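Residue numbers start from 1 in every chain, and the chains themselves are labelled A, B, ... in the order their sequence lines are given, proteins ahead of strands. Owing to the predicted nature of the structure, the values given are computational and were not obtained by experimental measurement.
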There are 2 protein chains.
Amino acid sequence: MNAVKLTSTLTFRLGTLGAVVTDRFSARLAAHDLKPKHVGLLAVLDSGAAASQLDVAKIMNVAPSLVVSLADRLEELGAVRRERDPSDRRRQILTLTAEGRDLLAACARAAAELDAELLEGLDQDGAETLRAALGALARHTGLPAD
Amino acid sequence: MNAVKLTSTLTFRLGTLGAVVTDRFSARLAAHDLKPKHVGLLAVLDSGAAASQLDVAKIMNVAPSLVVSLADRLEELGAVRRERDPSDRRRQILTLTAEGRDLLAACARAAAELDAELLEGLDQDGAETLRAALGALARHTGLPAD
DNA sequence: TCTTCATCATTCAGATTGTGAACGATTTGG
DNA sequence: CCAAATCGTTCACAATCTGAATGATGAAGA
């Protein structure tokens, strides 16, 4: 029945590559005392308007209680500010501080460095194609695609 | 300067996509009572010669003790056989059984289905390009690339 | 042969990371 | 004004993986 080779499926490759890349990224992030999810949270705040913690949780696809601890950490680093929404005092609005933006930029630089390492084998063209294809995939999957 | 946008780095996209895809794959695998790592182990056995648990651990980039529990589970499902290497009785040689091959095939089919879902947006060409580029990336990263 | 040291599988305690069920504070809609 | 829903928080605990013992085996040398 037309046997499928598991290791050449997108599913398998994205899974394993994702794990490896996340590990390596995590190692570089250690210098800033951050985990990938912290950076993810920063990215959400940067790309969108000010968001409540629940909004963030939905976008990141994690439990709201996790956002609490991530935000705690980032707040104590001075990277985010927590303010009650005046129009709905249940909501905590998270916003990036200047330090937060700097931190995010540093993480983005780390990611770019890792990108360069990963792409060593590919030519300029292949790299751009890959980036575009993954972008399309991300969009189609309902992820922050840009 | 030249600010890098984190969310458009390969690093970030592979990380998030990897997580999402692994989650979805995991959900499909639940029908077989397996986790992605179990399938990874089956794939290692299928693609290589018979391997000791330590070999498998190195290939999967995982602690040897984890291989023990993965193999325990797969053995009790009848998917793998455990035999002492006659020429070195410290080593446990893991081999796929016929059931193991069937199980792996079923998982590969599940992965292929997920692939189809993921690729819905892309044309035939883009899909093939993506597959190839990820293959190159995997190879360059020292992963089972095919 | 003995003795010593390395290697492999296994067990187990614990670290890490995340979830889900309370709960209190607030808002919203009869 | 009251009942139900929503948001953030805490906390217990589930899931996953690692690293340090331990026991069995093998290898190398006196």
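Listed by chain and residue number, A/Asp46, A/Leu96 satisfy the side-chain contact (heavy atoms from CB on, under 4.5 Å) test with A/Arg101 (two or more places apart in sequence, or in another chain). Contacts of A/Glu76 classified as salt bridge (Lys or Arg N to Asp or Glu O under 4.0 Å), with partners at least two apart in sequence or in another chain: A/Arg73. Here A/Arg131 pairs with A/Asp115, A/Glu128 under the salt bridge (Lys or Arg N to Asp or Glu O under 4.0 Å) rule; sequence neighbours left out. Listed by chain and residue number, A/Arg81 satisfy the salt bridge (Lys or Arg N to Asp or Glu O under 4.0 Å) test with A/Glu83 (two or more places apart in sequence, or in another chain). Contacts of A/Asp85 classified as side-chain contact (heavy atoms from CB on, under 4.5 Å), with partners at least two apart in sequence or in another chain: A/Ser87, A/Asp88, A/Arg91, A/Ile93. Residues passing the side-chain contact (heavy atoms from CB on, under 4.5 Å) test with A/Glu117 are A/Arg24, A/Arg28, A/Leu114, sequence neighbours excluded. Contacts of B/Arg82 classified as side-chain contact (heavy atoms from CB on, under 4.5 Å), with partners at least two apart in sequence or in another chain: B/Gln53, B/Val68, B/Ala71, B/Asp72, B/Glu75, B/Gln92, B/Leu94.
The 5' end of DNA chain C is approached more closely, in terms of each residue's nearest nucleotide, by B/Val67 than by the other of B/Val67 and A/Lys35.
Contact annotation for A/Val62: backbone-only contact, meaning every heavy-atom pair under 4.0 Å involves sugar-phosphate atoms and none involves a base.
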Could you write out each protein N or O paired with an N or O of nucleotides 26-30 of chain C at a distance under 3.5 Å?
residue : atom : partner : partner atom : Å
C/dT26  : OP1  : A/Arg89 : NH2          : 3.2
C/dT27  : OP1  : A/Arg89 : N            : 3.1

Please list each protein N or O that sits under 3.5 Å from an N or O in nucleotides 20-22 of chain C, with the distance.
residue : atom : partner : partner atom : Å
C/dG20  : O6   : A/Ser65 : OG           : 2.9

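The backbone N or O of B/Leu29 sits nowhere less than 3.5 Å from a side-chain atom of B/His32 that would complete a donor-acceptor pair. Distance alone, capped at 3.5 Å, is enough to place a donor-acceptor pair between the B/Arg84 side chain and the B/Arg90 backbone.
Rounded to the nearest 0.5 angstrom, A/Leu118 CG and B/Leu14 CG are separated by 7.0 Å.
Between A/Thr9 and B/Ala112, the closest heavy-atom pair is CG2-N, 4.3 Å. Residue A/Leu42 comes nearest to A/Gly100 through the heavy atom pair CD1-O, 4.4 Å, listed as atom of the first residue, atom of the second, then distance.
Computed from coordinates, the B/Leu54 CG to C/dA6 P distance equals 16 Å when rounded to whole Å. Atom-to-atom, CG of A/Asp72 to C1' of C/dG18 comes out at 15 Å; the value is rounded to the nearest Å. Between B/Asp55 atom CG and C/dC8 atom C1' the separation is 11 Å, expressed in whole Å. In this structure, A/His38 places its NE2 atom 9 Å from P of C/dG18, rounding to the nearest Å. We find that CZ of B/Arg84 is positioned 8 Å from C1' of C/dC8, with the value rounded to whole Å.
A nucleotide of DNA chain D counts as in contact with chain B when one of its atoms lies under 4.0 Å from a heavy atom; the first and last such, 5' to 3', are D/dT16 to D/dG26.
No single ILVMFWY cluster, assembled from side-chain heavy atoms under 4.5 Å apart, contains both A/Leu54 and A/Val62.
The bend of the helix from C/dT1-D/dA30 to C/dG30-D/dC1, defined by the angle between the axes of its first five and last five pairs, stands at 10° to the nearest 10°.
Residue A/Lys37 places no side-chain N or O under 4.0 Å from the OP1 or OP2 atom of C/dT17.
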